[in-house]
Each structure stands twice: as structure tokens, then as C-alpha cells.
Protein chains: 2
Amino acid sequence: MLRERGLRLTPQRQLVLEAVRRLGHATPEQVHEAVVANSPGVNITTIYRTLELLEELDLITHVHLSHGALTYHWASEDQHVHLVCRKCESVQELDVAELRPLAARLQEQYGFRLDIAHVALFGECKECQ
Amino acid sequence: MLRERGLRLTPQRQLVLEAVRRLGHATPEQVHEAVVANSPGVNITTIYRTLELLEELDLITHVHLSHGALTYHWASEDQHVHLVCRKCESVQELDVAELRPLAARLQEQYGFRLDIAHVALFGECKECQ
DNA sequence: TTGCCTGCAAACCCTTTGCATAGTC
DNA sequence: GACTATGCAAAGGGTTTGCAGGCAA
């Protein structure tokens, strides 16, 4: 995919992609830690640039969990919605199917195409209530 | 309300509250601009501290629109959900009623109490599709 | 060899903290 | 007069940019 676009396949790019896939959900900093564990010296700047690139290629996506905390994950992984508790900060995953009715309604009524997997819903979890 | 809690009523606090109510949705920086327009010299630190305080008092709330951009708004205003277009960054408002079925379902099935007004949904708006 | 990628350092934005002073009660 | 709230300055976290050198093609 990279070469098709005239881009280059570098060790760093492979490492970042691998790390995201392995970690499941991870912030840029967590990806950095994981990459550095194998090959020290990789700069966090490269992590940011690579994450952005991989997202353009639709290999990964990101979601805003809270306070602007970005988490990236493998794009083809089972999609899910994130339920974020504002009290204990815990994150619960939810099958995207739960949002299908809403998505359909938004598309029909408002012409808005909901990016289901990009959604984070805030509230209060069972334990905190 | 402030005095009940042993807190003080200051011009700055009145100005911030007024600005939030008047602006509808505003980032801390926008609130700051609005306040400074009337009374220059009010520091942005005070804006942050006051916004936090007013939120504790349930006079205002905030929502994460994108990239960690906080926007505050008057708490008793008609509640609404935000539809954020990831392409053009536009924000559309949606009646919270649209999310009631989902909220009910989350409560029943997962014990998660959805904070409806705090939700921002990401996707692509009509124009960008 | 070409020119994209990287590492490094510094800048950047937004937000928070420490401290002395001002101002409310 | 007591003690909270403010302004100022500086630090902080996370992210982005500029630039010279390194490396894939």
C-alpha cells in the first residue's frame, strides 16, 4: 500500500502498525513505549507522524475517549463503541449493533452519516451509580 | 448559591456566568475574550477556575466536541446532542429525545447511565458526503 | 542518486500550579 | 480583619514543526 503511493516502507512504520494491532487500544505514548521496547531510539515524533499516516491509509482509526485522550486501534478489528464513565474513568465496550437504529435514524432524518466506531459515550457506570 | 457554600460573589464570576449564557457554546478562550471585552485585565486563569467552579455548582456543563476542544454551555438550556462532522468540523444540534431509546437500553442492559447532553457524535454531515 | 523519513530540539497550544496581593464578607 | 479569589508568571502535558542527516527505492 505504501509503495503504491510512492511512500516508503520503513522499520518504524512496521513497528508502529504492529504495536497498534497488538495493543488493541493505545495512546500515542503507549504505542511509543511498545515500539521502544523492541527498538530503542525511535522518536515519539515518528510515532505521531506514522499514526497519522496509517490512519490516512485506513489501516487504523482513533477515538476520543476523554479529556482529549486519543486512542488508536486496528481498523479492521471488531468495531465497538466506548462507554466512558466520567467518575471512575473506566471504559466499557459495546457492540456497534446497539447503535444501528440510531445511525439509521440520523442518516434518514438529518443526512448525517454516523461514524459508529468513532463514538464514545459518556455517563456513569453501574458501579458508580 | 455561592454564599451558601461560603464562597464569594465576585465580578469575575458574574461575568463568566453571563458570558457562557450569552455565548451558548464557548471554549474557555472564547469566554475569556467575551469577558475581556467588557472588563480587560481578567486573566484566563480565572476563567478556567471559574468555569470549573460553575460546573461544580451545576450552573454550566461542558462537552468534548473534538480534538479535546472543550465547550461550555448553560446547564438549564435545552439539552441537545452534538453531531460533529469530521470533515468540515461543523456542529449540528440534535434533540436529546433522539437518544432516549438508546439511553434506556444502555441502562437496562449494561447498567450504564448515559449522560445524554454530554454526548458528541462524530461522522460526516450531509454536505460532505 | 533522489528525495522521502527520521531524530533531535524547539516551539506550540491548552491547561494547571505557586505565590503574593487584592477584595469580599 | 480573616481568608478566599485573583493576577501574574512559570511549569506542565500532549502534540507539531523545522531542519540536517539517514536511508529506502
Side-chain angles (χ1 to χ4, degrees), chain A residues 1-20 23 25-57 59-72 86 89 120, chain B residues 1-20 25-57 59-72 86 89:
Chain A
M1 291 184 66
L2 288 166
R3 290 189 187 119
E4 275 174 18
R5 287 178 157 227
L7 301 171
R8 294 178 182 172
L9 182 59
T10 64
Q12 289 91 334
R13 289 178 173 175
Q14 295 183 64
L15 287 165
V16 169
L17 185 56
E18 233 171 70
V20 170
L23 294 173
H25 294 80
T27 63
E29 199 177 338
Q30 291 169 330
V31 173
H32 183 221
E33 279 170 26
V35 169
V36 164
N38 297 353
S39 48
V42 175
N43 196 277
I44 192 154
T45 303
T46 301
I47 305 294
Y48 278 104
R49 289 195 274 229
T50 304
L51 287 171
E52 192 183 344
L53 175 70
L54 295 177
E55 188 162 29
E56 269 171 35
L57 297 176
L59 292 173
I60 64 176
T61 53
H62 76 265
V63 60
H64 298 275
L65 285 193
S66 64
H67 315 129
L70 275 191
T71 42
Y72 285 87
R86 290 178 73 191
E89 304 266 296
Chain B
M1 290 183 67
L2 287 167
R3 291 190 187 120
E4 275 174 19
R5 288 176 157 229
L7 301 172
R8 294 175 183 177
L9 181 58
T10 63
Q12 289 91 334
R13 288 179 175 174
Q14 293 183 64
L15 287 165
V16 169
L17 184 56
E18 233 170 69
V20 171
H25 294 81
T27 63
E29 200 176 339
Q30 290 168 330
V31 173
H32 184 222
E33 279 171 26
V35 169
V36 164
N38 297 354
S39 48
V42 176
N43 197 276
I44 192 155
T45 303
T46 301
I47 304 294
Y48 278 104
R49 288 194 276 228
T50 304
L51 288 171
E52 193 182 343
L53 176 69
L54 296 176
E55 187 162 28
E56 269 172 35
L57 298 175
L59 291 172
I60 64 175
T61 52
H62 77 266
V63 60
H64 298 274
L65 286 192
S66 64
H67 316 130
L70 275 190
T71 43
Y72 284 88
R86 290 177 73 190
E89 303 265 297

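Because the structure is predicted, anything quoted here is derived from the model rather than measured. Every chain is numbered from 1 and lettered A, B, ... according to where its sequence line falls, protein lines coming before strand lines.
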Legend entry - Whole angstrom value for the distance that separates P of C:dT6 from CG of A:Leu9: 10 Å
Legend entry - A:Arg3 CZ - C:dC5 C1' separation (whole Å): 15 Å
Inset, instruction - Assign each of A:Leu53 and A:Thr45 to its nearest nucleotide of DNA chain C by heavy atoms, then name whichever residue's nucleotide is nearer the 5' end. - result: A:Leu53
Inset, instruction - Check the distance between C:dC5's C1' and A:Leu54's CG and give it to me in whole angstrom. - result: 14 Å
Legend entry - B:Glu55 CD to C:dT16 C1', straight-line distance once rounded to whole Å: 16 Å
Inset, instruction - May I ask you to evaluate whether A:Gln12 reaches the phosphate of C:dG7, defined as a side-chain N or O under 4.0 Å from OP1 or OP2? - result: yes
Legend entry - Whole-Å distance separating the NE2 atom of A:His32 from the C1' atom of D:dG14: 13 Å
Legend entry - Phosphate OP1/OP2 of C:dC8 contacted by A:Asn43 side-chain N/O (<4.0 Å): yes
Inset, instruction - Check whether any side-chain N or O of A:Thr10 sits under 4.0 Å from OP1 or OP2 of C:dT6, and answer yes or no. - result: yes
Legend entry - Pairwise side-chain contact, B:Leu57 with B:Leu2, heavy-atom cut-off 4.5 Å (strictly under): yes
Legend entry - Most 5' of B:Tyr48 and B:Leu7 on DNA chain C, judged by nearest nucleotide: B:Tyr48
Legend entry - Any A:Leu7 side-chain heavy atom under 4.5 Å of A:Arg13 side chain: yes
Inset, instruction - Rounded to the nearest angstrom, tell me the gap between atom CD1 in A:Ile47 and atom P in D:dT16. - result: 13 Å
Inset, instruction - May I ask you to say what A:Ile44 touches in the nucleic acid, namely base, sugar-phosphate or nothing, with a heavy-atom cut-off under 4.0 Å? - result: nothing
Inset, instruction - Would you kindly check whether a donor in the side chain of A:Arg8 faces an acceptor in the base of C:dC4, or vice versa, at under 3.5 angstrom? - result: yes
Legend entry - Result of checking A:Thr50, A:Ile47, A:Thr71 against A:Val31 for side chain to side chain contact (heavy atoms under 4.5 Å, CB included): A:Ile47
Inset, instruction - Check the distance between D:dA24's P and A:Leu15's CG and give it to me in whole angstrom. - result: 13 Å
Inset, instruction - Could you say whether A:Pro28 or B:Gly6 is positioned toward the 5' end of DNA chain D, judged by the nucleotide with the nearest heavy atom to each? - result: B:Gly6
Inset, instruction - Could you tell me whether the side chain of B:Thr27 reaches within less than 4.5 Å of the side chain of B:Gln30, counting heavy atoms only? - result: yes
Inset, instruction - Evaluate the side-chain proximity of B:Gln12 to B:Arg49: yes if any heavy-atom separation is below 4.5 Å, no if none is. - result: no
Legend entry - Atom-pair distance (CG on A:Leu2; C1' on C:dC5), nearest Å: 12 Å
Inset, instruction - Check every strand shown and say whether B:Arg49 touches a base, only sugar-phosphate, or nothing at a heavy-atom separation below 4.0 Å. - result: base
Inset, instruction - Select one nucleotide: of D:dG14, C:dC14, C:dC25, the one nearest the side-chain heavy atoms of A:Glu29. - result: D:dG14
